[in-house]
There are 2 protein chains.
Amino acid sequence: MTIPKLLLVEDDPDLLEVLRLTLQREGYETVEARDGEEALRLARRHAPDLVVLDVMLPKLDGIEVCRQLRADRSLQHLVVLMLTARAEESDVVLGLGVGADDYVCKPARPRELAARVKALLRRARARDQPVGDQLLASGDLVVDLVRFEVRAGEERFDLTPTEFRLLQTMIASPGRVFRRAELLDYAVGVGVFVDERNIDTHVKSLRKKLGGRGSLIETVRGIGYRFSDHAA
Amino acid sequence: MTIPKLLLVEDDPDLLEVLRLTLQREGYETVEARDGEEALRLARRHAPDLVVLDVMLPKLDGIEVCRQLRADRSLQHLVVLMLTARAEESDVVLGLGVGADDYVCKPARPRELAARVKALLRRARARDQPVGDQLLASGDLVVDLVRFEVRAGEERFDLTPTEFRLLQTMIASPGRVFRRAELLDYAVGVGVFVDERNIDTHVKSLRKKLGGRGSLIETVRGIGYRFSDHAA
DNA sequence: GACTCCCTTCACGATTTCTTCATCTTGTGG
DNA sequence: CCACAAGATGAAGAAATCGTGAAGGGAGTC
């Protein structure tokens, strides 16, 4: 559940600025390249989740960049979003032919660009994480990711989103100790700047809602918290 | 649950390549035709589940191909997905007029195309099932996919298309929580870019029309919505 | 062209949730 | 047993989410 990293490839400084502002506002981390060679280099160095790739580029055009990216095994999961000049249908077909996942015509409207990036990342994530571990359980406590609810026998616990993610994170690895900083990343969000003590408050509330089972969340003094793995 | 077979009809070799790559990657078996006559021949020989049909074709255009396919009793269950040039509104109207099930504007975005194909096949599968399975029900609420109406006892609810799809989607998996983004894909359309909170508005209207049963659509704060599965 | 229906967006208030902070309790080492 | 650090607790302000009504725009109809 980390924050998605995007590689923006665009030679026009103004356009690049627009891309950056648009996508950073959506909470993405961005890396930027101004030509094809730099794009390839940065893609390999940073392993971004998605690359926004202009077709017209100095040194190496977008088509060629895309082809080479696709040929790189270590970038198997990279999503490529092409930026093509308006009405240049041949570019689009070429781009899709070398494996681009989607395209947006320039000038790109921020709303559409952001929406497409979001949709692409969501689908990519869904693909990489096939249906399966939709149920987490330890003892008689069950975290149901499909129904977004937590049960124990007949009893149901009404948790807030943050409490839910907190429990989900810890119960996925019973016995493992999580530092507060880790829990913040998982449950609150990466890149959100809040006090680590915040976790204490959520843990407290979570324990309270879990009633007798609240003690399954153990405090590890000086480190953080963990979900008990003592056989129930 | 056999592997679906698709017939791809496209005269541009590059575009055909894109179609093939996109859909084979999704696990479909494909057959290819480059003109209208070949399309008809292969459709009859291979009896595919779905045909992706370009409108502009040599010899016999897509409209005419579609018309003839529809006239063939042995291809009753064939699903037709039209590929139309961008902004050619007239093509779309014509296509749907001769019985196409859906259309995608060229150049086709892989994800969108794949999503639509998947959705169409899912719908077709449901349609071919016995009548009983074309009724979705939970409690005394019945969603009739054949008559496109929703009933509860004697009462009939008059829903808009979007409200209908929304309800259909959720009632098909009672208890499962749907994120707004998912609901947008299912109920509004893949590749349509609208505000996620648009869903809220449709839900509100749906609840209002369902009257007392509106509460069956539950809000899962911070996540999305779901259809209740609490035993009636 | 006026009208209707549907979809979409927007803004406001009500409510819930998150976060911070001050205080109290507990655990630990000396 | 004390002192101190770390955690637990409760309260309250800040922020986010959701429900709602209304307005605008497009497509189709009369």
Side-chain angles (χ1 to χ4, degrees), chain A residues 25-27 109-112 114-115 148 150 157-167 170 177-181 183-211 214-226, chain B residues 87-90 92-94 96-97 103 148 150 157-167 177-181 183-211 214-226:
Chain A
R25 187 154 37 111
E26 297 292 319
R109 285 170 301 157
R111 270 189 54 75
E112 179 180 355
F148 271 94
V150 176
F157 304 102
D158 184 32
L159 308 184
T160 71
T162 300
E163 289 156 9
F164 187 89
R165 288 190 297 267
L166 207 50
L167 180 58
M170 289 192 287
V177 180
F178 293 86
R179 299 180 173 282
R180 287 182 175 73
L183 292 174
L184 274 184
D185 281 354
Y186 286 123
V188 177
V190 179
V192 181
F193 182 70
V194 294
D195 194 310
E196 283 198 348
R197 287 284 160 210
N198 192 353
I199 290 297
D200 296 35
T201 303
H202 287 298
V203 166
K204 173 190 65 109
S205 153
L206 184 51
R207 282 173 170 160
K208 184 175 177 185
K209 288 184 179 176
L210 292 179
S215 57
L216 288 171
I217 298 172
E218 301 171 343
T219 302
V220 181
R221 191 181 174 81
I223 311 291
Y225 297 94
R226 76 168 156 216
Chain B
E88 284 297 331
E89 195 80 26
S90 56
V92 174
V93 175
L94 262 177
L96 296 180
Y103 68 91
F148 266 93
V150 176
F157 302 104
D158 186 30
L159 307 185
T160 71
T162 301
E163 289 157 8
F164 186 87
R165 288 190 297 268
L166 206 50
L167 180 59
V177 176
F178 293 86
R179 296 178 174 283
R180 287 180 174 74
L183 292 175
L184 276 184
D185 277 358
Y186 288 125
V188 177
V190 177
V192 178
F193 297 104
V194 296
D195 194 304
E196 283 196 349
R197 293 220 42 205
N198 188 0
I199 290 296
D200 296 35
T201 303
H202 288 298
V203 166
K204 175 186 65 113
S205 150
L206 184 51
R207 281 174 171 159
K208 185 174 177 185
K209 288 183 180 177
L210 292 179
S215 58
L216 289 172
I217 299 173
E218 300 172 341
T219 302
V220 182
R221 188 167 238 274
I223 310 292
Y225 296 94
R226 77 168 150 217

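Numbers restart at 1 for each chain; the letters A, B, ... are given by sequence-line order, proteins then strands.
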Just to be sure I understand the rule, does [X] reach a base, reach only the sugar-phosphate, or reach nothing, if contact means heavy atoms closer than 4.0 Å?
{"X": "A/Asp195", "value": "sugar-phosphate"}
{"X": "A/Val188", "value": "sugar-phosphate"}
{"X": "B/Tyr225", "value": "sugar-phosphate"}

To the nearest Å, how far apart are [X] [atom1] and [N] [atom2]?
{"X": "B/Ile199", "N": "D/dG19", "atom1": "CD1", "atom2": "P", "result": "12 Å"}
{"X": "B/Asp158", "N": "C/dC5", "atom1": "CG", "atom2": "P", "result": "10 Å"}
{"X": "A/Arg197", "N": "D/dG10", "atom1": "CZ", "atom2": "C1'", "result": "16 Å"}
{"X": "B/Leu166", "N": "C/dT8", "atom1": "CG", "atom2": "C1'", "result": "14 Å"}
{"X": "A/Phe193", "N": "C/dT20", "atom1": "CZ", "atom2": "C1'", "result": "12 Å"}
{"X": "B/Asn198", "N": "D/dG25", "atom1": "CG", "atom2": "P", "result": "17 Å"}
{"X": "A/Glu163", "N": "C/dT16", "atom1": "CD", "atom2": "C1'", "result": "11 Å"}

Query raised in the report: Relative to each other, are the rings of B/Phe178 and B/Tyr186 parallel, tilted or perpendicular (30° and 60° limits)?
Result: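 The rings of B/Phe178 and B/Tyr186 stand perpendicular, inter-plane angle above 60°.
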
Requested in this report: Please tell me which of the listed nucleotides, D/dC18, C/dG27, C/dT20, lies nearest to the side chain of B/Arg180?
Outcome: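 Minimum distance to the B/Arg180 side chain belongs to D/dC18.
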
Report task. Would you indicate which nucleotide in D/dT9, C/dT15, C/dC7 comes nearest to any side-chain atom of A/Lys204? Result ->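 Side chain of A/Lys204 sits closest to D/dT9.
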
Query raised in the report: OP1, OP2 of D/dA8 versus side-chain N and O of A/Arg207: anything below 4.0 Å?
Result: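 So the side chain of A/Arg207 is within the cut-off, an N or O lying under 4.0 Å from OP1 or OP2 of D/dA8.
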
**Report entry** Side-chain donor/acceptor of A/Thr160 to base of C/dT16, under 3.5 Å
**Finding:**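 By the distance-only test, no, there is no pair.
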
**Report entry** Residue that, paired with B/Asp200, satisfies side chain to side chain donor-acceptor pair (under 3.5 Å) out of B/Lys204, B/Arg197, B/His202
**Finding:**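 Running side chain to side chain donor-acceptor pair (under 3.5 Å) over B/Lys204, B/Arg197, B/His202 with B/Asp200 returns exactly one hit, B/Arg197.
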
